[in-house]
Amino acid sequence: MKLSKTNTSKLTSVLGFLCIVILLQAIVFISMVSSERSDLRFLLDSSTTISRERHSTEYCAMYDICGKRSDGKVLNCPFGTPSVKPDELLSSKIQSLCPTISGNVCCTAAQFDTLRSQVQQAIPFLVGCPACLRNFLNLFCELTCSPNQSQFINVTSISKVNNNLTVNGIDFYLTDAFGEELYNSCKDVKFGTMNTRAIEFIGAGANNIKEWLAFIGKRAGNDVPGSPYAINFQSKTQESSGMMPMNVSVYSCGDTSLGCSCGDCPSSAICSSSAPSSFHKKHSCSIKIGSLQVKCVELTLAILYGVLVMTFFGWGVFHRRKSIPVSRNNNLASVAGGGEQHYISKQKDDSHPLQMSHELPRAIKGVQLPLVQGYMSSFYRRYGIWVARNPTLVLFSSLAVVLCLCLGLIRFEVETRPEKLWVGHGSKAAEEKRFFDTHLAPFYRIEQLILATIPDSKQGKSPGIVTDENFHLLFEIQKKVDRIQANYSGSMVSLTDICSKPLGKDCATQSVLQYFKMDPKNYDDLGGVEHAQYCFQQYTSAATCMTAFKGPLDPTTALGGFSANNYSEASAFVVTYPVNNNVDQTSSGNGKAVAWEKAFIRLAKEELMPMAQSHNLTLSFSSESSIQEELKRESTADVITILISYIVMFAYISLTLGDAPHISSFYISSKVLLGLSGVLVVMLSVLGSVGFFSAVGVKSTLIIMEVIPFLVLAVGVDNMCILVHAVKRQPVELPLEERMSNALVEVGPSITLASLSEVLAFAVGSFIPMPACRVFSMFAALAVLLDFLLQVTAFVALIVFDFLRAEDHRIDCFPCIKIPISSNQSDKGPRQGQRGLLARYMKEIHAPILGLWGVKIAVIAVFIAFSFACIALSTRIQPGLEQKVVLPQDSYLQGYFNNISEYLRIGPPLYFVVKNYNYSLESRQTNQLCSISQCDTNSLLSEIARASLTPKESYIAKPAASWLDDFLVWMSPEAFGCCRKFTNGTYCPPDDQPPCCSPDQGLCSLGGVCSDCTTCFRHLDLRNDRPSTAQFKEKLPWFLNALPSADCAKGGHGAYTNSLDLNGYESGVITASEFRTYHTPLNKQSDFVNSMRAAREFSSRVSNTLKMDIFPYSVAYIFFEQYLDIWRTALINLAMALGAVFIVCWLITCSLWSSAIIIFVLAMVVVDLMGVMAILNIQLNAVSVVNLVMSIGIAVEFCVHITHAFSVSNGDREHRAKEALSTMGASVLSGITLTKLVGVIVLRFARSEVFVIYYFQMYLALVLIGFLHGLVFLPVVLSICGPPSRSNLIDERQDDQSSSSS
C-alpha cells in the first residue's frame, strides 16, 4: 500500500495519548494524607458508624498525595476529611479550569497543579469541540476537587506503600445521563493528525460509555499507561449508604453556545439540517417481470428486435408472393453528377471476370463506373502495362524511397516510463501532480514486502501468521534488508541513506517489528507474540508499543488478511519502506534510490523468497521502479512468439500464393520467394514508418515494435493474395502486361479503397490522449500507407518477375536454375486459369446455400439478434487496464498485485489541495476551511468529515488531517502547554522538551528555564478565537517547527512539514496547502476510477460553494484520469473512423447506397466485438479503443471487395451476390481470413497477458466476426437490398448494324 507522506505524524498520537491516559488516571489519584496500618484498621472498623459523615456534602473521600508507585504514578490517601476553603489564588486557578466548582474544595494547590499539568495533554485532542472538552474536564475536576467528593467516591481497597496507606481501588458513582452525554459529545471528535477519532487515544476506541469507563478504570501494570489503582464506575448506589451519583452539568455537542463543528458533532441539529454530500452514482433503469429483473435497455432491444423480425418476415412473405417481372434494365444505375463515363469490358465467361483484351467478342458487358473509380481504373490500366514493361525501375525506385526513410532509425529511442506512456499531454491529473510535487512534496517511493501463509488445501482458509516462528523469520528478513549495500557512482547506498526519517535517525518503516523497536533483542523481553497482540489493540496508548521512529503503528498498515479488527487472525505481514522521492525523476534525482531498489529486488528473488518457501510461506515484493523495469523486460519476453507468428504467416502466404500442389510442377508454380519478398516489403514499410517518426523526434514503444509488424503483415498479406489471385485468374493466352493491367483494373480500386479506409481508421486513433496508443496509431497509419504504396509498386514488380520466372521454367527460390519442360505441359502454365478448391466451394456450395430464402431469413434474424444482444452486453464493459495485464505472466509483480488486493485493508492517501488560501483576518477563508469551533458548517473539512460517513459512495475512509485545525488549536489559550513564549517573545517549547527538560533528567520538573513561559495569547488577544493576520504570519513557522510531545501533541513538525508551501506567505496568501485523508480500499480498476470521479465531483461542488480553488490528488490519479471519459473517447473515435470510411467509400464509389451498407456492416462488426469484450471480461481502455478503431479498418477488407464485385456484376441481386462470392469470396477467405487466423492463433502462447487478451482474443474475435459478416451476412443483405448494378448490356456492333441498315 502507499504510505502517506505525513504518516510520521503518528508519533503525536503515542506521546499525546500516553499523557492523556496518565491524565485519566493521575487525576484520579490526587492524594491525601498518609496513615499507618493501625489507622487503617481503626478506619475500617469504624466505617459502619461514620458512614453518614463520610458520604455527605462538603466532605472529601480522598485528600492529598500519600505516595508513589515504583513507576512514579502518584497514589491517593484513603482518608476522608472535610472540604477546605482555598485561598484566593487557588480559587481563581480552579475557577479557570473547573468553573462548576466554587467555595470549598477537596484538593490542595499541589493537587491542582498536577491536575492542570495532566489535562493540558488532553486539551489539544478535544479543544476543537468545547462541549466535549467541558464534559471531560468536569469529570476529572469533580473527581479531584469537588467539595462533595465523598458523595460519589468510595474507597474500596487500600494498600501500603513505603509505610504509607494509599488507595488501591475505589467506586466512582455517576449518573447514566452524564456518562451517556459525555460519550456522545466526544465520540466523533476528530484527531486530525492521525485521521481518526480522539476517542481512539483517550478511550482506546471505545464504542460506548461502558467501554470508555472500563478503559479509564482498569488498573495498569508498572510502566504501562493507565490508572495506578482500579476504578469501578457505577451508576446506582444503595439508599442506606448516603451516597448519590455525580450529576453535574453536562453539555451536548449540538449546543450552539459551545460551537462544536459538524466534523466533531455530525448529529447536531444544525449539521443534520445541512444537505448531505451528494455523489454521482449510476442508477441503471430496470424493470421487474415476475421474478426476473430486466434492464430497460435490454427490454427495449428485445421489443425492437421483435418488431424488426416480424416486419422483415412480413415483407419477405409479401415479396415472395409478388410475381411482378422486373426487366433487366431496371437493375441499371445512373451515377449522380456529370463526368466522363468509363467502360471496362468483361467476358461472359465468369471464370475470367473483368478481363480486357483487344480481341474480345463483339457482344460485351459495359461496366459503367463512377468518376473517381473510372479515373482509378484508367490509371491502373496504364500503370499495370508500364510496371510490366519496367519492373526493375519500379522496384528499385520504390525501395530507395523507403530506405531513405529508414535512415531515421539512427535516432531511434524507446519510451518505457509509465507516466510518459499512459498519461496524455495536457492531462488535468498530470498538471495537478506537477503542482503538488513542486509546491508541496512528491509522494514517497514505496518498497514493499508481503509475507503470507499458504491457504489450507482442504478448508481453503489461510492459517494465521502471527506466530513466534514467523516473527523470527521476519527479523531475519529485516536483517538482510538492512545489510543491503548498493553501488551508486562508486559509493555504497543503504536503506538508512534514502529512507524517510520524520523525527530522528530511524526509518519510518511500517512493520509489526516496530512494536519491538525493530530490535530482535526486545522480542523476548517484551513478551513476544503476546506483546504484539497487545499492541494490535493498544497501539495508540501503550508506550511499549511506540515505534522506533517515535510514532504509533496502525496494525492495518502492517497486517493483512484479517476481518474487522481481528488482527490476530491476520495471514500476512506487510512491510513497507517509505523512501524519499525527488521531483527530478531522472537518474540524477533518484539515482541512489533506484540503485538500492535494484539490489532490493535482487535480494528478494535470490535469498528472501527461498527463505519464505522453506517456512511454507509466500513472499511477494515490489519497488518503486519495478513496473518500469518489468516493462523493459517485456520487450524481449515474446520475441520468439512473435517470430513464430511471422514464420507461420509467411509459410501460409507462400502456399496461398502458389497454385494447387502438383508434384511435377510444384517447384515452378510455388511462390515461396514471392511470399518472402512480400514479407520483406511489409517489414520495410514498418521500418520506414518507425524511421520517419524517429527522425522527427517521436519515441517508439514496446508495443509498436512487437505488434505493428504483425498488424501490417496481417493487413498487407490480404492485398498480396488478392493481387496474385487476380493475375492468376486472367487467361494465360494474354500477354503478361495485359494480365497485369487487367488484374490491377479488377482489384486496384477495391484495394485502394480498403487501404485508404485502414489508414484513416488507424489515423483516427491518434486523437486518443494516451501517448502509447496515440503513437501506436500514428506509426500504424503510416506503416499501412507505406505498405500499400509498396504493394502497388515494388510487390507488383515482384509479381512480374515471378511470373516471368515461372513462364521461363525456372525453379522457385533458385531462379538461376532452368529446367526443361515436358511436351505435355503448357508453356504458359495452363493451371493459372483454373479455379482452386476454395473458389469452387464458394461458387458451388457457399453461394447456393446463402441463396435459399429460409437461410436468408435465419441469417438476418441471427445476426441482428446477436448485434442487439451485444449492444446490451457492451453496457457491462468496465473501464480500466489491470497493471498485471501489461506485465509478463512470469513477472514477480503478478503475485504482488494479487496479494495487494487480497491483503491490504486501507486505501491510498487522498489529498485535498487548496490553492491561494487567504489567511488574513479580513478574509473568511479560514472559517471556510477549518472544522473546529466557530468554523462554517459547510467548510471543506466539515464536508470531508461528512463524506467519510458514507464511504461506499464517497470512497473517503476518514476525516482529513488538518494542519489548519491543529494550528488553531495549538494557538488556542486553552491549549496552554502548546503555543508558549519566553519573556523576550521567542518561542518556548513544552515543558517536556529541551531546553525546558533535558532528556537525561527523566521526569521533568515544573521549574527551570521555562518556568516564566506564558501562553502566546489570551482570549482578549484574539477576535472570535481567530488570530490576526500578523499573529497568523508570526506563529505559523513556530507551529511547523514545533515537535509533538506528551505535553502538546499538536506540534506540526513531521506531521505537516510538507503540507504547506510557505514561499511568499508573508503576503497573506498561502500558495498551496493540503489536507490529507484516505480512500477506502480500492481493489479493482473500477474502484480507482469511481473513487477519482467521486473525489473530483466532491471538490468541484465544494469549490463552487466556497468560491475557492480546490482539487483532489492521489498518487494513482494520473493513470486513471483517462478512464473518466473513456466511453466518450471511444464513441467519438469510432464515429470519426466510421465517418472517414464512409467518406472514402462514397468518394470512390459515388454510391451512397453501397457506402451505407458497408458502414452498416462495419458498425455491426464493432458492436459485436464490444459484446465479445463483455463476454470475455475485456476492459475498456486506450488499448482496446485502438483495437476497436482498427477493427473498422481491418473489417473494411471483408466488405469492400465483395461489395465492389457485386456492384460491377450484372443480373438480379441474387445472381450478382453469387457472382461476387464466386469472384472474390475465395480471395477474402484465403487471403484475408485464414491469413490473419494463422498469425493470430500463435499469439495465444505469448507470455505477456496484454498480448493474449488484447491481441489474441480481440483479433481472433475480429477475424471470425469479420469473416461471418463479410462472407455470410453481407452477401445476404446485398441479395435482398443491394445497390443497383453498374453493368449495361451493350452490343455495339449490333447497334451499328441496325443503324446502317436503317
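In this view, Asp188 and Pro266 satisfy the side chain to side chain contact (heavy atoms under 4.5 Å, CB included) rule, not counting sequence neighbours. For Arg980, the salt bridge (Lys or Arg N to Asp or Glu O under 4.0 Å) criterion is met by Asp991, not counting sequence neighbours. The salt bridge (Lys or Arg N to Asp or Glu O under 4.0 Å) test applied to Asp936 returns Arg924, not counting sequence neighbours. Here Asn208 pairs with Lys210, Glu211 under the side chain to side chain contact (heavy atoms under 4.5 Å, CB included) rule; sequence neighbours left out. Every residue was checked against the side chain to side chain donor-acceptor pair (under 3.5 Å) condition with Arg116, not counting sequence neighbours, and none meets it. Among residues two or more places apart in sequence or in another chain, the side chain to side chain contact (heavy atoms under 4.5 Å, CB included) test is passed with Leu89 by Asp87, Ser92, Lys93. For Thr175, the side chain to side chain contact (heavy atoms under 4.5 Å, CB included) criterion is met by Ala177, Phe178, Pro245, Asn247, not counting sequence neighbours. Here Thr1014 pairs with nothing under the side chain to side chain donor-acceptor pair (under 3.5 Å) rule; sequence neighbours left out. Applying the side chain to side chain donor-acceptor pair (under 3.5 Å) criterion to Glu181, with sequence neighbours excluded, gives no partner residue. By the side chain to side chain donor-acceptor pair (under 3.5 Å) test, Thr926 pairs with Tyr917, sequence neighbours left out.
Atoms CZ and SG, from Phe1075 and Cys930 in turn, are 9.0 Å apart once rounded to the nearest 0.5 Å.
Between Cys98 and Cys145, the sulfur-to-sulfur (SG-SG) separation does not fall under 2.5 Å. The SG atoms of Cys1048 and Cys978 lie less than 2.5 Å from each other.
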Kindly list each side-chain donor-acceptor pair under 3.5 angstrom involving residues 134-143, sequence neighbours excluded, with atom names and distances?
from   : atom 1 : to     : atom 2 : distance (Å)
Arg134 : NE     : Asn138 : OD1    : 3.4
Arg134 : NH2    : Leu97  : O      : 2.6
Asn135 : OD1    : Tyr251 : N      : 2.9
Asn135 : ND2    : Ala131 : O      : 3.2
Asn135 : ND2    : Ser185 : OG     : 3.1
Asn135 : ND2    : Tyr251 : O      : 2.7
Asn138 : ND2    : Arg134 : O      : 3.4
Asn138 : ND2    : Ser249 : O      : 3.4
Glu142 : OE1    : Ser146 : OG     : 3.0
Glu142 : OE2    : Thr100 : OG1    : 3.1

Disulfide (SG to SG under 2.5 Å) between Cys1013 and Cys988, worked out = CA-CA 6 Å; Cys1013 287; Cys988 176; 2.0 Å; yes
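For the residue pair Gln934 and Asp1025, no side-chain donor N or O sits within less than 3.5 Å of a side-chain acceptor on the partner.
Side chains of Ser157 and Tyr229 form no contact here, defined as non-hydrogen atoms less than 4.5 Å apart.
Screening residues 1008-1023 for salt bridge (Lys or Arg N to Asp or Glu O under 4.0 Å) gives Arg1018-Asp1021 as the qualifying pairs, with residues at least two apart or on separate chains.
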